[in-house]
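Working notes, structure below.
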Protein chains: 2
Amino acid sequence: MKRNTRQRDAIRQVFDDERDPLSPQEVLDRSQTHCPGLGIATVYRNVKALVDEGWLVAVLVPGEPDRYELAGKVHHHHFQCRACGGLFDIDGCVAGLDGMVPSGFQLDGHELTLYGRCARCA
Amino acid sequence: MKRNTRQRDAIRQVFDDERDPLSPQEVLDRSQTHCPGLGIATVYRNVKALVDEGWLVAVLVPGEPDRYELAGKVHHHHFQCRACGGLFDIDGCVAGLDGMVPSGFQLDGHELTLYGRCARCA
DNA sequence: ATAGATGCAAAGGGTTTGCACTTGA
DNA sequence: TCAAGTGCAAACCCTTTGCATCTAT
């Protein structure tokens with residue numbers, strides 16, 4: 001991915017405009033506004049390339065298609081609405097993780113996903 | 001799922017014998033020892049039924065296919081080893097989750113996965 | 001006997017890939 | 001120009017579903 005294409009620019013623009021993690025399909029929907037005819041395969045190829053070059057990071061939500069968001073954010077977690085399925089960034093983190101790890105285990109990271117209802121669906 | 005079939009018994013047996021969370025394919029592999037000819041569709045149907053009746057619970061690991069384990073364990077989370085891929089039960093939980101939720105959001109559950117190296121791989 | 005459960009294969013949904021065409025540099 | 005990038009459709013993988021057959025009760 002060395003060239004600047006209309007499609008690639010549209011995809012990057014989508015992530016610049018959106019703060020919350022997006023699935024490939026959501027990226028496609030938003031991108032097509034500024035780049036009609038864009039194909040889902042191109043979204044997948046570009047998202048993968050953008051992750052490889054460190055511009056995006058994957059947000060892995062259990063049981064959901066993978067989503068992506070801009071890299072470089074401060075440490076945070078996510079909240080998924082059980083009603084609309086939307087994913088929202090949650091600031092802050094929890095403490096006490098070290099105390100949960102069995103002796104001999106080395107902790108180097110964690111993923112936390114909160115579930116419930118978002119403000120609109122509640 | 002109101003009847004006791006050979007297939008259903010074999011599937012339950014697998015979960016009784018295994019403590020670790022299993023994917024549908026792993027359940028199939030183990031079940032076929034005691035029930036040759038068992039189909040993957042039957043595994044999916046029975047696992048789903050066993051979850052619905054509360055005998056199994058889904059273990060959602062980000063980026064991994066869903067796994068299932070016996071219900072009734074005390075609330076716990078999981079540790080995944082980055083080296084061997086193994087999943088380990090982690091006792092305990094974290095506090096302060098309510099404070100992380102934006103106003104208007106309703107929290108009703110959470111998933112926490114720790115990453116690092118298990119005692120054997122460390 | 002008969003509704004429930006199974007096995008197979010086909011259908012779905014999301015993701016990847018092959019290939020001819022388009023396009024940025 | 002001409003290889004990188006795209007669009008389309010087919011291929012894949014995992015999961016679900018339709019349907020004829022089998023079976024627990």
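All values reported here derive from a predicted model rather than from experimental measurement. Naming convention: chains lettered A, B, ... in sequence-line order (proteins, then strands); numbering from 1 in each chain.
- Applying the ring pair (Phe, Tyr, Trp, His ring centres under 6.0 Å) test to residues at least two apart or on different chains, the pairs with a partner in residues 81-103 of chain A are A:Phe88-B:Phe105.
- Taking atom CG on B:Asp29 and atom C1' on D:dC14, their separation rounds to 14 Å, with Å as the unit.
- For B:Arg19, the CZ atom sits in a loose shell: 12 or fewer heavy atoms of surrounding residues, nucleotides or ligands are nearer than 6.0 Å.
- What separates CD1 of A:Ile40 from C1' of D:dG7 is a distance of 12 Å, to the nearest Å.
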If you restrict it to nitrogen or oxygen atoms, what contacts under 3.5 Å exist between nucleotides 17-22 of chain C and the protein, and what is each distance?
residue: C:dG18; atom: O6; partner: A:Arg45; partner atom: NH1; Å: 3.4

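- A:Arg12 pairs by the side chain to side chain contact (heavy atoms under 4.5 Å, CB included) definition with A:Asn4, A:Arg8, A:Asp9, A:Leu50, A:Trp55, not counting sequence neighbours.
- Not counting sequence neighbours, the partners of B:Glu69 by the side chain to side chain contact (heavy atoms under 4.5 Å, CB included) test are B:Pro21, B:Val57, B:Val59, B:Lys73, B:His76, B:His78, B:Asp89.
- From B:Leu97, atom CG reaches atom CG of A:Leu112 across 6.0 Å, with rounding to the nearest 0.5 Å.
- Near DNA chain D, defined here as any heavy-atom distance below 4.0 Å, the residues from residues 3-11 of chain B are B:Arg3, B:Asn4, listed numerically.
- For the atom pair CG of B:Leu22 and CZ of B:Arg67, the computed distance is 8.0 Å after rounding to the nearest 0.5 Å.
- Here A:His75 and A:His110 bring their ring centres to under 6.0 angstrom of each other.
- Residue A:Asp66 contributes atom CG, which lies 15 Å from atom P of D:dC14 at whole-angstrom precision.
- Atom-to-atom, CG of B:Asn46 to C1' of D:dT16 comes out at 14 Å; the value is rounded to the nearest Å.
- Backbone-only contact: B:Leu38 has heavy atoms under 4.0 Å from sugar-phosphate atoms and none from a base.
- At whole-Å resolution of the value, CD in B:Glu53 and P in C:dG4 are 16 Å apart.
- Residues satisfying the side-chain hydrogen bond (donor to acceptor under 3.5 Å, both in side chains) test with A:Asp52, not counting sequence neighbours, are none.
- The CG-P distance, from B:Leu28 to D:dC14, rounds to 12 Å in whole Å.
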